[in-house]
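Numbers for residues simply follow the sequence, beginning at 1.
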Amino acid sequence: MTTSCISLRQDGAISQLTLDRPTKGNSLSADMVQQLDAAIDSCCANGTQALLIEGSGANFCTGFDLSNLDAETDDGLLARFVRVELMLQKLYRAPFITSALAHGKTWGAGADLFAACTMRWARPDTTFAFPGAAFGLVLGSGRLAELTGTAKATEWIAAGRQITAREAGDHALVQQVSDTLDTAQAMAQLRALVDRLETQTLQQICAATRTRELSADATDLARLARSAARPGVKARILAYRAALRDNK
């Protein structure tokens, strides 16, 4: 039986989605990605007008789950990476306001999940990182560049270093850094937005402000597939993890 990796609660037009694998840093397992994809579909169908995404425990999301890497194959990893990108595209194109409240480690695919949202809040302890390029993966780069500008996105992706919440705020990845913003306040901010607008108007606003061309989704997916399909992706990830251990 598949264990639930997320919780999804609806309060009228507002839905709250919590990543719920705290002992694994809320890393994106195959099951979690499938459940996230289904949750977005559910929100599209149940009248949700605004969605808040959070993480349980010490971190928002530490990235792609590689805890069972020894059992993976190159082809299996490729399929999992593609499913992550398709889920992120669905989130970005959702016909409702999407928001994320980050804390702790928000790394890799977790940072990409955060960047795919329209409204992006972070607590001061949040750190961001985009380490995928170190093992040859190109995921979420276009969406990040749209927020931060090409030069800053290239620097962050190429360096793979940790980025503080303040620096992320200086370059538009984060819109608000606050040590007092909690779940209830974030939900209240979302409710204030949706209460003043008709559903159809809100949907039209969401569509109009998703400024990336639809063709960019296909381009991003193709770039990801080419990077992940290059032979040896599992070996490159293993080498990356070994280098991290050696540098500790």
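To the nearest 0.5 Å, the span separating CG on L36 from CG on L91 amounts to 8.5 Å.
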Requested in this report: Report the C-alpha distance between D112 and L144 in whole Å, list the side-chain angles of each, state the deciding distance to 0.1 Å, and finish with yes or no for side-chain contact (heavy atoms from CB on, under 4.5 Å).
Outcome: CA-CA 8 Å; D112 296 322; L144 179 64; 5.7 Å; no

Requested in this report: Could you please spell out the steps behind the side-chain hydrogen bond (donor to acceptor under 3.5 Å, both in side chains) verdict for T73 and D75?
Outcome: CA-CA 5 Å; T73 65; D75 288 348; 5.6 Å; no

Report task. Determine, stepwise, if the pair W156 / E167 fulfils side-chain hydrogen bond (donor to acceptor under 3.5 Å, both in side chains). Result -> CA-CA 11 Å; W156 286 354; E167 182 181 359; 3.2 Å; yes

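Contacts classified as salt bridge (charged side-chain N to carboxylate O under 4.0 Å, His left out) and involving residues 59-74 (residues at least two apart or in different chains) are given here: R21-D65, E72-R80.
Clustering ILVMFWY residues whenever any of their side-chain heavy atoms sit less than 4.5 angstrom apart, transitively, puts L101 in the very cluster that holds I97. W107 and L139 sit in two unconnected hydrophobic clusters of ILVMFWY residues. Membership requires side-chain heavy atoms under 4.5 Å apart, directly or through other members. Clustering ILVMFWY residues whenever any of their side-chain heavy atoms sit less than 4.5 angstrom apart, transitively, puts L28 in the very cluster that holds I53. Y240 and F128 fall within a single hydrophobic cluster, where Ile, Leu, Val, Met, Phe, Trp and Tyr side chains are chained together by heavy-atom contacts under 4.5 Å. Y92 and L52 are members of different hydrophobic clusters when ILVMFWY side chains are connected at heavy-atom separations under 4.5 Å.
Ion pairing between D37 and K90 holds under the 4.0 Å rule for side-chain N and carboxylate O. Ion pairing between a basic and an acidic side chain is recognised when a charged N comes within 4.0 Å of a carboxylate O; K152 and E155 show such pairing.
Contact of the L224 side chain with the D220 side chain is not registered, since no non-hydrogen atoms from C-beta on lie closer than 4.5 Å. The shortest side-chain heavy-atom distance between R212 and R93 falls under the 4.5 Å cut-off. At a threshold of 4.5 Å between non-hydrogen side-chain atoms, the residues I14 and V194 count as touching. The shortest side-chain heavy-atom distance between V177 and R166 does not fall under the 4.5 Å cut-off. Using a 4.5 Å heavy-atom threshold, the side chains of L19 and N59 count as separate. Put simply, the side chain of L113 reaches to within 4.5 Å of the side chain of M87, judged on heavy atoms. Within the 4.5 Å cutoff, the side chain of R226 has no heavy atoms near those of the R230 side chain. A heavy-atom distance below 4.5 Å is found between the side chains of T199 and Q203.
Closest heavy-atom contact between P124 and A165: O-CB, 4.0 Å.
Formation of a donor-acceptor pair under 3.5 Å by the S227 side chain with backbone atoms of V138 is found in this model. Remark: side-chain polar atoms of E54 are not paired, donor with acceptor, to backbone N or O of H103 under 3.5 angstrom. When atom types are taken as modelled, the side chain of Q49 and the backbone of L202 share no donor-acceptor pair closer than 3.5 angstrom. Distance alone, capped at 3.5 Å, places no donor-acceptor pair between the S27 side chain and the G63 backbone. With R210 contributing its side chain and A94 its backbone, the two residues share a donor-acceptor pair below 3.5 Å. Counting only distance, with no hydrogens or angles, the side chain of R120 and the backbone of A172 share a donor-acceptor pair below 3.5 Å. At distances below 3.5 Å, at least one donor-acceptor pair connects side-chain atoms of N26 with backbone N or O atoms of S56. Formation of a donor-acceptor pair under 3.5 Å by the Q89 side chain with backbone atoms of D217 is found in this model. Checking side-chain atoms of T126 against main-chain N and O of A102 turns up a donor-acceptor pair under 3.5 Å. Side-chain atoms of T106 do not come within 3.5 Å of backbone N or O of C61 as any donor-acceptor pair.
Taking D195 as the reference, R191 meet the side-chain contact (heavy atoms from CB on, under 4.5 Å) condition, with sequence neighbours excluded.
Within a 6.0 Å radius of CZ in R83, no more than 12 heavy atoms belonging to other residues, nucleotides or ligands are found.
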